[in-house]
Amino acid sequence: MARKRIGIFMSEITQVFQTSCGKAIIDLASLRDLDVVIFASYGSYTSPYGRNLLAEIGKKNILHIPDYSDFEAIIALPGSFDIKGMDKEFYELARANATCPVICLQTGHPDFYTISIENKNSMYQMTRHFIDVHHFTDICYMSGPYLHKDSPDRLSGFVTAMRESGLAIGPNTIFEGNYWRNRGAKAIDFFMQGRISYPQAIICANDYMALSICSELKNRGIRVPEDVCVCGFDGIKEGEDTTPSLTTVTVQPEKYAEAAFQLIDDIKAGNHPSKNITLSDEINFRASCGCGKQVISRDVDQMYQIIAEEEFLLRESGRITADYQNTLDIENALSVATYYFHTLGCKDGYICYCDESDPCFSSEIQEKPFTDNMILLQRMHAENRRQAEAINKTFTRTDLLPSEFFDTDAPGIYIIFPLFCKNKDYGYLVLNPETDQWPNSLTYTYISTLSSAIENCYFQKKYSGFAEINKLAQTDELTGIYNRRGFELRLQELLSSISDEKVISIASIDMDNLKTINDIHGHSEGDFALGEISNALQKCLRDNEFCARFGGDEFTAVLVSDRSGRGEQYASHVISMLDEITKACKKPFRIHVSIGVSELKGRDTAHIVTCMQEADEIMYAHKRAYKSNRS
């Protein structure tokens with residue numbers, strides 16, 4: 001029998017608060033033998049090209065996947081929904097369909113339970129600290145986005161404290177930030193307009209912005225706190241680790257989780273708790289305001305380990321993007337998804353695809369974001385990069401997965417992300433982490449590139465006439481074998497599927513005397529010779545081997561064997577066959593090639609390039625020897 005479930009709705013799942021709060025909810029749900037299903041998406045962003053409004057629709061459609069009446073309780077973080085209208089859409093869906101308690105953390109709605117902190121009072125107390133303890137009179141404020149849910153209360157706390165103390169708020173006292181770390185320079189430029197000296201303190205509405213202010217001040221040679229004091233809000237771990245460690249308002253995310261389950265337990269017991277619960281917070285005075293000591297919470301080895309992990313994820317991000325560029329059908333896309341799944345830091349994953357037979361899927365007018373039935377295409381395991389478990393089973397979307405995948409010995413964690421391109425959703429990815437696992441910063445790149453690949457494959461299939469174009473794009477027109485692009489795609493496919501025990505060799509092949517044949521006997525004879533060479537190269541291949549023409553007189557073959565020596569055997573066989581063809585066709589010229597072979601020692605791009613270069617060098621040595629012997 002399936003367990004009861006807690007449903008969680010949040011965006012920007014890899015942010016510090018969401019990560020800590022989500023893990024705390026999971027721990028408490030596990031104690032109650034409850035599964036946790038997290039509906040996760042990513043937020044809005046603005047670039048020089050404007051907001052991607054269509055993509056925002058695709059992201060917020062995550063709200064339409066579940067049946068809201070299936071949950072024991074629903075916990076939402078509406079403050080993380082920074083896509084316009086997403087919070088209202090969630091409230092409407094929950095109000096119309098939920099039959100369980102709906103609990104909002106940080107910000108909420110009058111119809112539901114809300115657990116929050118006193119944003120206004122906390123910012124008021126922080127501002128009073130600089131006024132009353134430090135006796136500062138020149139204080140600037142970096143606000144969050146004015147339309148963000150908690151920004152008005154925090155701003156109001158600052159303004160109230162300043163006005164009560166008779167301190168001026170000028171046109172360049174308050175800067176509207178974005179709750180992220182990329183506006184520090186703009187904020188300080190704004191504060192410094194019309195003045196020579198820096199403000200005594202800069203109060204920020206969250207820690208990320210405070211860190212950006214500290215960084216920019218350092219770049220300008222301004223010391224924190226000796227020259228300018230800085231503080232933040234929210235108490236993220238990075239603020240504790242930085243130098244100087246950040247003065248901030250802290251509420252442990254775990255407190256939100258504990259309060260939420262206290263509400264759930266009270267309601268289940270028949271009690272009638274208050275709709276609004278306010279948690280206590282505290283100001284942590286640290287080095288950035290001069291009132292506390294520098295915190296040292298991690299050693300150097302830990303920091304280097306974190307940096308190394310982030311560099312690895314950044315490198316993998318580029319590789320994922322590059323490998324998806326070569327996917328031409330859904331099988332290839334799923335293969336790439338399988339190979340890189342281990343990088344996400346989760347045990348298992350499921351790719352669920354919309355039912356293309358549903359008329360709404362191909363309709364230009366989207367009546368519903370997802371089809372009523374979904375198809376579980378495959379289950380991926382982090383420990384198996386080479387092969388996923390093909391499922392291809394149809395199930396009802398509101399079940400989230402086929403029922404057998406919820407039938408586990410211990411409570412499970414299921415994190416669902418939409419797979420979308422612009423405003424069209426193709427399905428969703430379900431991550432199934434262990435209790436101590438959580439999606440990492442590579443997840444969004446993984447999801448967005450997989451989504452793009454799925455859309456490309458969908459249109460490739462929809463417009464099947466392009467299949468022939470794709471074939472032509474990979475085929476050498478003269479000989480009918482692979483061209484360079486076809487060779488690269490086929491090699492990538494081979495390397496991703498073949499076992500490490502196999503020996504792979506690359507043969508560099510160059511036709512001898514093509515120019516002489518063309519000049520004396522004509523290009524038609526040269527084309528004839530090239531065609532016979534390609535035929536001989538193909539006839540000498542074994543299963544799983546292939547060859548290509550790179551242009552002109554250049555060919556390459558990829559050979560596979562259980563042991564070394566396959567390349568030399570292939571070269572000898574090809575040259576012997578061409579000698580037989582020369583005798584049989586009775587042309588006034590010999591059809592001959594020079595071949596160099598090198599074994600592939602490693603499966604990444606650098607090794608492939610080195611192997612091909614070695615094969616080229618050996619081939620050119622044979623070519624020189626052939627010319628010398630003929631002369």
[Y]/[X] salt bridge by N-O under 4.0 Å criterion:
| X | Y | answer |
| --- | --- | --- |
| E404 | K393 | yes |
| R319 | E316 | yes |
| D500 | R386 | yes |
| K515 | D519 | yes |
| E501 | R563 | no |
| D189 | R220 | yes |
| R549 | E554 | no |

Practice prompt. Take T479 and D476 through the test side-chain contact (heavy atoms from CB on, under 4.5 Å) and record every step on the way to the result.
Written response: CA-CA 6 Å; T479 63; D476 178 61; 2.6 Å; yes
Any sub-3.5 Å donor-acceptor pair from [X]'s side-chain atoms to [Y]'s backbone N or O?
| X | Y | result |
| --- | --- | --- |
| S628 | R624 | no |
| W438 | I13 | yes |
| D329 | N332 | yes |
| S594 | D510 | no |
| S448 | T445 | yes |
| S212 | M209 | yes |
| K422 | E56 | no |
| E216 | G184 | no |
| S576 | S572 | yes |
| N432 | G412 | no |

Worksheet item: Does a donor on one side chain and an acceptor on the other come within less than 3.5 Å for S357 and D355?
Response: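 Short answer, yes.
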Do any side-chain atoms of residues 526-535 form donor-acceptor pairs under 3.5 angstrom with protein atoms, and if so which ones, sequence neighbours left out?
residue: S534; atom: OG; partner: G531; partner atom: O; Å: 2.7
residue: N535; atom: ND2; partner: G531; partner atom: O; Å: 3.3

Quick check for you: to the nearest 0.5 Å, what is the distance between [X] atom [atom1] and [Y] atom [atom2]?
| X | Y | atom1 | atom2 | answer |
| --- | --- | --- | --- | --- |
| I498 | L495 | CD1 | CG | 8.0 Å |
| T19 | K237 | OG1 | NZ | 14.0 Å |
| F420 | I454 | CZ | CD1 | 12.0 Å |
| L401 | L376 | CG | CG | 6.5 Å |
| T343 | N440 | OG1 | CG | 6.5 Å |
| Q474 | R484 | CD | CZ | 14.5 Å |

Fill in: From D512, T582, D579, residue fulfilling side-chain hydrogen bond (donor to acceptor under 3.5 Å, both in side chains) relative to R590
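Testing each of D512, T582, D579 against R590, the sole residue satisfying side-chain hydrogen bond (donor to acceptor under 3.5 Å, both in side chains) is D579.
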Nearest heavy atoms of [X] and [Y], plus distance in Å:
| X | Y | result |
| --- | --- | --- |
| I595 | A507 | CG2-CB, 4.2 Å |
| C346 | L431 | SG-CD1, 3.9 Å |
| T14 | S441 | CG2-N, 4.3 Å |
| M10 | G22 | CE-CA, 4.3 Å |
| G567 | V597 | CA-CG1, 3.5 Å |
| P418 | I62 | CD-CD1, 3.6 Å |

Item to complete: Report the C-alpha distance between L494 and V560 in whole Å, list the side-chain angles of each, state the deciding distance to 0.1 Å, and finish with yes or no for side-chain contact (heavy atoms from CB on, under 4.5 Å).
Response: CA-CA 10 Å; L494 175 69; V560 181; 4.1 Å; yes
Discussion item. Side chains of P439 and L344, heavy atoms from C-beta outward: is any pair under 4.5 Å?
Written reply: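 Side-chain contact under 4.5 Å: no.
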Discussion item. Quick check: do I320 and L442 have side-chain heavy atoms less than 4.5 Å from each other?
Written reply: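 I320 reaches L442 side chain to side chain.
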Practice prompt. Give the ring-plane orientation class for F417 versus Y42, where under 30° counts as parallel, over 60° as perpendicular and anything between as tilted.
Written response: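 Parallel, since the angle between the ring planes stays under 30°.
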Worksheet entry | Any residue meeting side chain to side chain donor-acceptor pair (under 3.5 Å) with Y426, in chain and number order, not counting sequence neighbours |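 Side chain to side chain donor-acceptor pair (under 3.5 Å) list for Y426, sorted by chain: E455.
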Between [X] and [Y], does the ring centre distance come in under 6.0 Å?
| X | Y | value |
| --- | --- | --- |
| Y446 | Y340 | no |
| F361 | Y458 | yes |
| Y353 | Y428 | no |

Discussion item. Checking Q15 against S80 for the side chain to side chain donor-acceptor pair (under 3.5 Å) test, could you report, in this order, the C-alpha distance in whole Å, the side-chain angles of both residues, the deciding distance, and whether it holds?
Written reply: CA-CA 9 Å; Q15 294 296 313; S80 68; over 6 Å; no
Worksheet item: Are R397 and F370 in a cation-pi contact, defined as NZ or CZ under 6.0 Å from the six-membered ring centre and within 45° of the axis?
Response: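 No.
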Fill in: NZ or CZ of K347 within 45° of F341 ring axis and under 6.0 Å
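K347 over F341 ring: no.
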Worksheet item: In a check of side-chain contact (heavy atoms from CB on, under 4.5 Å) between I236 and each of D207, D241, T242, which one passes?
Response: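 Of the listed options, the one satisfying the test is D207.
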Worksheet item: For E356, does the CD atom have more than 12 heavy-atom neighbours from other residues, nucleotides or ligands under 6.0 Å away?
Response: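 It does: E356 CD has more than 12 such atoms within range.
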Item to complete: Could you please spell out the steps behind the side-chain contact (heavy atoms from CB on, under 4.5 Å) verdict for F487 and T556?
Response: CA-CA 9 Å; F487 170 83; T556 297; 3.7 Å; yes
Practice prompt. Begin from the C-alpha positions of S508 and D616 and carry the test side chain to side chain donor-acceptor pair (under 3.5 Å) through to its verdict.
Written response: CA-CA 6 Å; S508 175; D616 280 343; 2.5 Å; yes
Discussion item. Between H342 and E383, does the side chain to side chain donor-acceptor pair (under 3.5 Å) criterion hold? Intermediate values first, please.
Written reply: CA-CA 7 Å; H342 76 284; E383 70 274 10; over 6 Å; no
Worksheet item: Can you list the steps and then say if F405 with V430 is a side-chain contact (heavy atoms from CB on, under 4.5 Å)?
Response: CA-CA 11 Å; F405 294 103; V430 183; over 6 Å; no
Worksheet item: Would R566 and E545 satisfy salt bridge (charged side-chain N to carboxylate O under 4.0 Å, His left out), going step by step from the backbone distance to the final call?
Response: CA-CA 11 Å; R566 166 62 181 145; E545 298 178 337; 2.7 Å; yes
Discussion item. Apply side chain to side chain donor-acceptor pair (under 3.5 Å) to residues T338 and Q378 and explain how you reach the verdict.
Written reply: CA-CA 9 Å; T338 300; Q378 67 178 27; 3.0 Å; yes
Practice prompt. Please test Y208 against Y179 for ring pair (Phe, Tyr, Trp, His ring centres under 6.0 Å), starting from the C-alpha separation and ending with a verdict.
Written response: CA-CA 6 Å; Y208 288 119; Y179 276 154; 9.2 Å; no
